[in-house]
Amino acid sequence: MLDIQKIREDFPILSRQVYGKPLVYLDNAATSQTPKCVVDKIAESYYMSNANVHRGVHFLSQEATNIMEQSRRHIQRYINARHPHEIIFTRGTTESINLVASSFGEAFLQPGDEVIISEMEHHANIVPWQLLETRKGIRIQVIPITPAGELDMEVFRGLFSPKTKLVSITYVSNVLGTINPVKDIIDTAHRHEVPVLIDGAQAIPHLKVDVQALDADFFVFSAHKVYGPTGFGVLYGKEQWLDRMPPYQGGGEMIAHVSFEKTTFNELPFKFEAGTPDYIGASAFSTALSYVEKIGIENIAAHENELTQYATQRMQEIPGMRIFGTARQKGAVISFLIGNSHPYDVGMLIDKMGVAVRTGHHCAQPLMHALGIEATARASFAIYNTREEVDIFIESLKRAAAMLQ
């Protein structure tokens, strides 16, 4: 059994009050809180090993370089990538997708080629392809969702044509919580010789990820969703694709030789890491992953699943409650509306009671339109949340509902 109270002690922010009430933080799908060990690692790196990496012969530079590359190897092991140079450091999921859209699009997409995405995608997995649509004349094909919030797999299988060049799909919906059958999606695409990008931003905090078992061609995620620092992310790509893709940005580190006549590019992964990388973020994220490994991702998932089921059950007590997303496989996310009350009103009222949830379209406006709504409130859970916090959440919703009626 996990000692959740002991785990909570690792997160000092959870002991604070807002508006005189104990903080109940249920906005984990937007960003998780950060344990003290990760913040301590950031401070230690700045105080003890702060020097630009890969560019110095002095002790601190060598030390910082070793720490960063050890972090890369840790991330490689964590997702079971074949090689450390298949791990590219970025600023987050959004930049990782933009990198693939730009670089893969430059190398492999022609006017009229098609990219398959879905109705439940985050804007970060829609807009980069629309930019490519404008720039190169590609076409976007969209997988619809079922009333339960699952992908219509029959339609998906019918979308493939000789023009299909990439599938880019979310592993777990940030609105519906739906856990998509990404292994089936990848296998289907590969039978058509089409590579697949998986947006793993909402999966990496809750599920064991093995990119080789999935056979994903690209897999992207952010550190701040999984107890790590903000502004740091990862692009995993198979060597066979990364080798053939041109650089995303130009500058220092990503070059082998520069002259005014010609520039040759560095080897992987440095070809895609122009400029000074976030070596502090890399070591901090490695520390966050060690924290997750110590608890056990399976234990985290089981605890969050129990909280999600308990919260879903208790929310039925509230008249007019509407929950969006009832997939058979679902993560620790509940999007909801109370009758015709505006989600902003609900969110603001329960905030005054100490409960933090997300309100809005959650960067998924096409999904909102498919659901026939403009926005929802969203509660999302992490390892440090408790049943007692769920009870406070429910009581705050009941009070808000009574006021809004």
Side-chain angles (χ1 to χ4, degrees), residues 1-33 149 173-177 202 205-206 227 299-327 330-362 368 371 373-405:
M1 295 292 293
L2 294 176
D3 187 343
I4 302 301
Q5 291 304 321
K6 181 68 174 175
I7 290 171
R8 287 177 64 85
E9 293 174 6
D10 296 332
F11 298 84
I13 197 171
L14 299 179
S15 64
R16 71 167 298 183
Q17 293 190 340
V18 293
Y19 303 111
K21 304 286 186 181
L23 172 65
V24 176
Y25 185 78
L26 302 179
D27 193 20
N28 296 286
T31 195
S32 62
Q33 294 300 335
S173 168
N174 72 312
V175 175
L176 305 170
Q202 296 295 333
H206 312 292
Y227 313 109
N299 295 327
I300 292 173
H303 175 70
E304 293 168 343
N305 184 58
E306 192 273 333
L307 287 181
T308 304
Q309 292 187 16
Y310 178 61
T312 302
Q313 176 186 352
R314 290 223 53 199
M315 289 170 75
Q316 309 303 324
E317 301 170 11
I318 301 168
M321 175 59 65
R322 293 190 285 162
I323 293 176
F324 298 89
T326 56
K330 183 171 176 177
V333 172
I334 306 174
S335 284
F336 64 95
L337 292 173
I338 300 176
N340 293 320
S341 298
H342 199 287
Y344 292 138
D345 294 335
V346 175
M348 290 177 65
L349 285 172
I350 68 175
D351 175 54
K352 296 300 189 290
M353 303 175 213
V355 180
V357 298
R358 180 67 44 164
T359 60
H361 53 64
H362 315 298
M368 294 294 152
L371 296 171
I373 56 178
E374 291 298 321
T376 70
R378 182 188 70 189
S380 49
F381 305 100
I383 184 59
Y384 40 66
N385 291 126
T386 66
R387 286 174 70 98
E388 291 76 19
E389 288 185 316
V390 172
D391 291 335
I392 294 171
F393 169 56
I394 297 302
E395 292 308 310
S396 73
L397 287 180
K398 288 180 177 178
R399 289 183 61 188
M403 286 187 274
L404 290 169
Q405 284 177 355

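For the atom pair CG of Leu2 and CD1 of Ile7, the computed distance is 5.0 Å after rounding to the nearest 0.5 Å. Taken from CG in Leu14 to OG1 in Thr386, the straight-line distance is 9.5 Å, to the nearest 0.5 Å. Distance check, rounded to the nearest 0.5 Å: CE of Met368 to CG of Leu371 gives 6.5 Å. To the nearest 0.5 Å, atoms CD1 (Ile4) and CD (Glu388) are separated by 10.5 Å. Note that CD1 of Ile318 and CD1 of Ile394 are 5.0 Å apart. Values are rounded to the nearest 0.5 Å. From Ile300, atom CD1 reaches atom CZ of Phe381 across 15.5 Å, with rounding to the nearest 0.5 Å.
Phe393 and Ala379 make their closest contact through CZ-CB, 3.8 Å (heavy atoms, listed as atom of the first residue, atom of the second, distance). Pairing each heavy atom of Val355 with each of Ser396, the nearest pair is CG2-OG, 3.8 Å.
Checked against side-chain hydrogen bond (donor to acceptor under 3.5 Å, both in side chains), Glu304 has the following partners two or more places apart in sequence or in another chain: His206. For Ile323, the side chain to side chain contact (heavy atoms under 4.5 Å, CB included) partners two or more places apart in sequence, or in a different chain, are Thr312, Met315, Gln316, Met321, Lys330, Ile334, Phe336. With sequence neighbours excluded, the residues that form a side-chain hydrogen bond (donor to acceptor under 3.5 Å, both in side chains) with Arg387 are Glu306. Tyr310 pairs by the ring pair (Phe, Tyr, Trp, His ring centres under 6.0 Å) definition with nothing, not counting sequence neighbours. Partners of His303 under the ring pair (Phe, Tyr, Trp, His ring centres under 6.0 Å) rule, at least two apart in sequence or in another chain, do not exist in this structure. The side chain to side chain contact (heavy atoms under 4.5 Å, CB included) check on Asp27 picks up Tyr25, Ala30, Arg358, Arg378, with sequence neighbours excluded. With sequence neighbours left out, Thr308 forms a side-chain hydrogen bond (donor to acceptor under 3.5 Å, both in side chains) with no residue at all. Looking at residues two or more places apart in sequence or on another chain, you find a side-chain hydrogen bond (donor to acceptor under 3.5 Å, both in side chains) between Glu389 and Arg8, Asn385. Residues passing the side chain to side chain contact (heavy atoms under 4.5 Å, CB included) test with Ala375 are Pro343, sequence neighbours excluded. For the salt bridge (charged side-chain N to carboxylate O under 4.0 Å, His left out) test, no residue two or more places apart in sequence or in another chain qualifies with Asp345.
When the options His342, Arg322, Glu374 are evaluated for a side chain to side chain contact (heavy atoms under 4.5 Å, CB included) with Leu337, the one that passes is Arg322.
Note on residues 9-25: pairs passing salt bridge (Lys or Arg N to Asp or Glu O under 4.0 Å), not counting sequence neighbours, are Lys6-Glu9.
With a 6.0 Å radius and a threshold of 12 heavy atoms from other residues, nucleotides or ligands, Asn340 has its CG atom at or below the threshold.
In this structure a side-chain-to-backbone donor-acceptor pair under 3.5 Å is present from Ser32 to Tyr227. Side-chain N or O atoms of Asn174 include none that pairs as donor or acceptor with a backbone N or O of Ala29 at under 3.5 Å. Between the side chain of Ser335 and the backbone N or O of Phe324 there is no donor-acceptor pair closer than 3.5 Å.
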Using distance only, find each side-chain donor-acceptor pair of residues 398-405 under 3.5 Å and give its atom names and separation, not counting sequence neighbours.
| from | atom 1 | to | atom 2 | distance (Å) |
| --- | --- | --- | --- | --- |
| Lys398 | NZ | Glu317 | OE1 | 2.8 |

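Looking at Thr359 and Val346, their side chains never come closer than 4.5 Å, going by heavy atoms from C-beta outward.
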